[in-house]
2 protein chains.
Amino acid sequence: MSQTEKSQAAAAPAAARKQPTQQRSRERVERMLEAAAALIAEKGSDALKMGEVAERAGVPIGSLYQFFPDKSAIILTLAERYNALSRECIGEGLADVRDMAGLERAFTELVDTYYEMFLAEPVMRDIWSGTQADKALRENELADSRIIGGMLADVLMRLHREGDREEIATTAFLIMSLGEATMRLAISVTREEGQAIVDAYKRMVLREMLAL
Amino acid sequence: MSQTEKSQAAAAPAAARKQPTQQRSRERVERMLEAAAALIAEKGSDALKMGEVAERAGVPIGSLYQFFPDKSAIILTLAERYNALSRECIGEGLADVRDMAGLERAFTELVDTYYEMFLAEPVMRDIWSGTQADKALRENELADSRIIGGMLADVLMRLHREGDREEIATTAFLIMSLGEATMRLAISVTREEGQAIVDAYKRMVLREMLAL
DNA sequence: CACAAATATGAGTAATCCTCATATTTGCAA
DNA sequence: TTGCAAATATGAGGATTACTCATATTTGTG
């Protein structure tokens, strides 16, 4: 909730170039990102070429490098926008969980929503399936897992006041990280098998959260 | 066991160039792979350059392309060798499981051994942490997960004769696939946290296998 | 020994990321 | 308004590197 604002700051690429301060350039940067997203949707992020992004955005190639230190920074920015949205959803979904039944409901719905989001968003799907390609993207995903793992840990500690806090924290981190892996797996097979996999993940995780 | 031989065939790259038939060339190919492995251990597979592999192996660059269609084919061949070894270990470890206690013992030992193997083998670790980078590698890992998932499913069906066979198969596949994801996660954090994560994975999966 | 198939070779091609020197625009203080 | 520093714009070209291909050599075999 109040983390939503902070996530904007986290969106800044690690080795950033200048942040656009003037309005004109902010609009241009937006056009660059839109162009990149469109090209990824069409041909996949592997085939993303800086020259094409520039052409599509209607800017010379030099302007791209004015705001993005390299190609992966563009992809990272797009990825982080999706991650920020996800974090917000997860935070909201978990916010008013008061008991185990509530957690079960919230978790099930979050996972299903997440899966459908992946199916519906070709750009997100593409970036994620190849997310492990780039070191910066891997680190970003790891950081994201830690944040949402922390959210889940908070809830679990509220529900299991006597449990081992270290163990709960580690397990929550693992659950969220494996959730991302499950999505990657589910979107790389048929829709039918993907759904079965997502269901199996939910079953396993819910059992674990109950037993912790 | 009898699958060990078959895995040799699976090692052939998808879009293969000529297979070396003469002894001389087989030795040269071996030198190329050794050179690639050494360079990956030193600088990581991202930084692997075909020119360097050729130089290190003492062959002209053209010879590399005589047997490998492209760079990722070299990495894929190395990856598949490790996978074949892993499959063999897993097959042996699960072969004589007769009851739940035996499965628990075998699974725990396999996971721990696997984790230590990753820690000890820089080449394997490097290839795996970036495995999702390349489409061919991703597909190879998926195929591997299906095979070892099938092995686990066999065992689980033996132990749970009344269980839903579809559900067991899907869960076994998911468990193995998430095992690979867990390794990737564990090797990207400190040794201590990695061990905690591996332990949490074992706990969760064992609970699930018991309850299926 | 002859000859086809396999292998060897490495200079050159093509693709693409990214730089950088220079030109232009913007916001703002005097 | 005007002057000026900082921000932004520009695109030809440098640098890297995967991969090709025409040609030369070696190998197994009838």
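Excluded from the calculations below are hydrogen atoms, water molecules and symmetry mates; all remaining heavy atoms, backbone and side chain alike, are included.
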Between side-chain atoms of residues 53-63 of chain B and protein atoms elsewhere (two or more places apart, or another chain), which donor-acceptor pairs fall under 3.5 Å?
from, atom 1, to, atom 2, distance (Å)
R56(B), NH2, E42(B), OE2, 2.5
S63(B), OG, R28(B), NH1, 3.2

Applying a 4.0 Å non-hydrogen cut-off, can you work out what S63(B) is touching in the nucleic acid: base, sugar-phosphate, or nothing? base
Figure out the CZ/C1' separation between R31(A) and dT8(D), and round it to whole Å. 14 Å
Between dT26(C) atom C1' and E27(A) atom CD, what is the distance in whole Å? 14 Å
Under a 4.0 Å threshold between the charged nitrogen and the carboxylate oxygen, would R184(A) count as salt-bridged to E180(B)? no
Enumerate the residues from residues 38-46 of chain A whose closest heavy atom to DNA chain D is under 4.0 Å, giving them by residue number; use none for an empty result. none
Separation of R28(A) atom CZ from dT25(C) atom C1', in whole Å? 11 Å
Does the distance from a Lys or Arg side-chain N to an Asp or Glu carboxylate O, for E104(B) and K202(B), drop under 4.0 Å? no
Can you sort out the partners of Y114(B) under ring pair (Phe, Tyr, Trp, His ring centres under 6.0 Å), two or more places apart, ordered by chain and number? F118(B)
For a quick check, with a 4.0 angstrom heavy-atom cut-off, what is the B/S/- contact string for nucleotides 18-30 of chain D, read 5' to 3'? SBB-----SS---
Between the side chain of Y115(A) and the main-chain N/O of I187(A), is any donor-acceptor distance below 3.5 Å? no
Closest contact, heavy atoms only, C89(B) versus L110(B): O-CD2, 3.8 Å
Grab the CG-P distance between L64(A) and dC20(C) for me, whole Å please. 17 Å
F67(A) CZ to dA6(D) C1': how many Å, rounded? 13 Å
Could you check how far CZ of R26(B) sits from P of dA6(C), rounded to whole Å? 14 Å
What pairs meet the salt bridge (Lys or Arg N to Asp or Glu O under 4.0 Å) rule with one or both residues in residues 30-40 of chain B, with sequence neighbours excluded? E30(B)-R81(B)
How would you list, by chain and number, every residue that makes a side-chain contact (heavy atoms from CB on, under 4.5 Å) with E208(A), sequence neighbours excluded? T171(A), L212(A), R203(B), M204(B), R207(B)
